[in-house]
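These notes concern the structure reproduced below.
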Amino acid sequence: MPELPEVEVTRQGIDEPLRGARVLDVRLGKPLRWPLGCRRDRLVGTTVGPVLRRGKYLWLPLSREGHPAGGLLMHLGMSGSLALLAAPGEPGPHDHFDLSTDRGALRLTDPRRFGAVVFSPALDEPPASRLLARLGPEPFDPGLTAGAVHKALRNRRAPIKAVLLAGEVVVGAGNIYACEALHRAGIHPGTRSDRLSAARAAALLDALRQTLARALALGGSTLRDFSDVHGASGAFQAEAAVYGRAGLPCPRCGRPIRRAVHAGRSTYYCAGCQRR
DNA sequence: AGTTAAACCTGGTTGC
DNA sequence: TGCAACCAGGTTTAAC
């Protein structure tokens, strides 16, 4: 579920409420993708700092008596969401991590458990640095230019859809937004990345930014599991032009949306208005 | 360098 | 109604 917009919506929801919160307790449920990697007493008594996002990861920096004390790198996987609760209360069967603080509890609910919460001594040290090492530039980094994207794409022979998903040229697009951005840009998902002109690479970066920004404004997409930290669903899925719409008419040209597979993932596109 | 599959999990939907 | 097959927002690793 959670692609960049959903993770950013989550970040915005927890940043202010948790900034300065004192960690009182930690509860772990069933195992997530990776072990937490630290003892409970490494977290209890720390204070949460400003929450950052890198790609689809969240970073909760911790300090103890004013000194940096590592942090928690969190990922929502396919089905994860975070909630802010006044008190943790009795955990449900899919609640696998609680961080209780003096300002309420942060709870990770993740039925499929592809998500993760990993302690790291710093963002630029392992294990965090290792997990973030392959991430490409942020799509909204003003320093990311169309020229840089075009240059990066020239080195890739894989289909543009697969390259977007890989997140090495630019991070943030998952299956929904990769499909939607390609449709918005009029680019066929099977186009070899190194065959995209500079103009089309520019159009793609533009379309990706517009798609992600629109999703962010709508609170992300909720297909099944995702909700923001207050339990509200996203609304972007109702605006999707192609994702999940195989057989339905393209909103732009009316031709039926097709489904294909790239990098093992369903790709939805319109053969009428997306060209190689 | 690429694609592909498998792995990690649960649950909803589809089809016989 | 039951049950098997298949699908799902992600990522990593291994194999061809």
Side-chain angles (χ1 to χ4, degrees), chain A residues 1-10 28-35 53-58 73-82 91-97 108-118 126-136 152-181 189-195 208 211-212 215-216 218-228 233-240 242-247 259-268:
Chain A
M1 121 313 184
E3 305 180 33
L4 185 147
E6 291 78 20
V7 178
E8 179 59 21
V9 162
T10 300
L28 296 173
K30 289 184 180 178
L32 294 164
R33 192 178 219 285
W34 298 295
R53 179 191 55 73
R54 178 73 178 96
K56 300 171 190 171
Y57 287 90
L58 292 174
L73 192 68
M74 312 184 77
H75 197 288
L76 301 179
M78 285 278 260
S79 59
S81 59
L82 288 171
H94 302 308
D95 298 333
H96 302 304
F97 178 81
L108 174 65
T109 302
D110 185 3
R112 294 180 69 181
R113 290 193 278 129
F114 292 167
V117 182
V118 176
S129 60
R130 192 176 53 79
L131 291 169
L132 303 180
R134 290 184 173 182
L135 299 188
L153 292 178
R154 279 197 314 225
N155 300 324
R156 310 296 294 259
R157 273 171 278 187
I160 185 62
K161 167 72 180 335
V163 169
L164 282 177
L165 285 184
E168 292 165 353
V169 172
V170 55
V171 288
N175 211 23
I176 297 176
Y177 303 118
C179 290
E180 294 299 316
T191 309
R192 263 178 58 156
S193 300
D194 60 358
R195 303 258 297 261
L208 178 63
T211 301
L212 295 176
L216 194 51
L218 291 177
S221 297
T222 297
L223 299 187
R224 171 165 292 128
D225 301 297
F226 180 73
S227 58
D228 70 17
S233 292
F236 182 87
Q237 68 281 357
E239 283 193 10
V242 290
Y243 182 81
R245 295 175 50 82
R259 177 184 179 274
V261 175
H262 294 102
R265 314 289 301 283
S266 289
T267 297
Y268 300 92

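In the text below, chain A, chain B and the rest are named by the order of the sequence lines, each starting its count at 1.
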Rounded to whole Å, how long is the line connecting atom CH2 of W34(A) with atom C1' of dT12(C)?
7 Å
For R195(A), give me all partners under side chain to side chain donor-acceptor pair (under 3.5 Å), at least two apart in sequence or on another chain.
none
May I ask you to verify if any side-chain N or O of Y243(A) is less than 4.0 angstrom from the OP1 or OP2 atom of dA8(C)?
no
With respect to the side chain of R157(A), which nucleotide from dG2(B), dT12(C), dG10(C) is positioned closest?
dG2(B)
Output all residues satisfying ring-ring contact (aromatic ring centres under 6.0 Å, His included) with Y57(A), sequence neighbours left out; order by chain, then residue number.
H75(A)
Contacts of S266(A) that satisfy side chain to side chain donor-acceptor pair (under 3.5 Å) - sequence neighbours left out:
R259(A)
Can you measure L164(A) atom CG to dT11(C) atom P for me and round it to whole angstrom units?
13 Å
OP1 or OP2 of dT3(B) sitting under 4.0 Å from any side-chain N/O of H262(A)?
no
Secondary-structure stems for DNA chain C, with pairs counted as Watson-Crick or G-U when both distances are under 3.5 Å and runs at least 3 long
B:3-8 with C:10-15, B:10-16 with C:2-8
Check whether any side-chain N or O of S79(A) sits under 4.0 Å from OP1 or OP2 of dG10(C), and answer yes or no.
no
So if I define the base as every atom that isn't primed, P, OP1 or OP2, how would nucleotides 5-16 of chain B read as a B/S/- string at a heavy-atom cutoff under 4.0 Å?
---BBBSS----
If the condition is side-chain contact (heavy atoms from CB on, under 4.5 Å), which residues does R53(A) pass it with, not counting sequence neighbours?
L4(A), V7(A), E8(A), R11(A), L58(A), E138(A)
Presence of R265(A) side-chain N/O under 4.0 Å of dG10(C) phosphate oxygens OP1/OP2:
yes
Any pair with a residue in residues 73-82 of chain A that passes salt bridge (Lys or Arg N to Asp or Glu O under 4.0 Å), sequence neighbours left out, goes on the list, sorted by first then second residue, please.
none
Measure the distance from CZ on R192(A) to C1' on dA1(B) and round it to the nearest whole Å.
11 Å
Atom-pair distance (NZ on K161(A); C1' on dT3(B)), nearest Å:
14 Å
Would you mind listing every salt bridge (Lys or Arg N to Asp or Glu O under 4.0 Å) that reaches into residues 153-166 of chain A, with sequence neighbours excluded?
R156(A)-E168(A)
If I pick the C1' atom on dT10(B) and the same atom on dT1(C), what distance separates them, to the nearest angstrom?
23 Å
Check whether any side-chain heavy atom of L76(A) lies under 4.5 Å from a side-chain heavy atom of E6(A), and answer yes or no.
no
Y268(A): partners by ring-ring contact (aromatic ring centres under 6.0 Å, His included), with sequence neighbours left out
Y243(A)
In whole Å, I'd like the distance from the OH atom of Y177(A) to the C1' atom of dG10(C).
14 Å
Collect all protein-nucleotide pairs involving nucleotides 14-16 of chain C in which both atoms are nitrogen or oxygen and the distance is under 3.5 Å.
none

Rounded off to whole Å, could you give me the CD1-to-P distance for the I160(A) and dG2(B) pair?
12 Å
Once you round it to whole Å, what is the distance between P of dT12(C) and CG of L73(A)?
11 Å
Could you list the residues that satisfy side chain to side chain donor-acceptor pair (under 3.5 Å) with T222(A), not counting sequence neighbours?
none
To the nearest angstrom, the CG-P distance between D194(A) and dG2(B) comes to 9 Å
Name all residues meeting the side chain to side chain donor-acceptor pair (under 3.5 Å) criterion together with H94(A); count only those two or more places apart in sequence or in a different chain, and write none if there are none.
none
From C-beta outward on Y57(A), which listed nucleotide comes closest to its side chain: dT11(C), dG2(B), dA8(C)?
dT11(C)
Between dG10(C), dT13(C), dG2(B), which nucleotide has the shortest distance from any of its atoms to the side chain of R130(A)?
dT13(C)
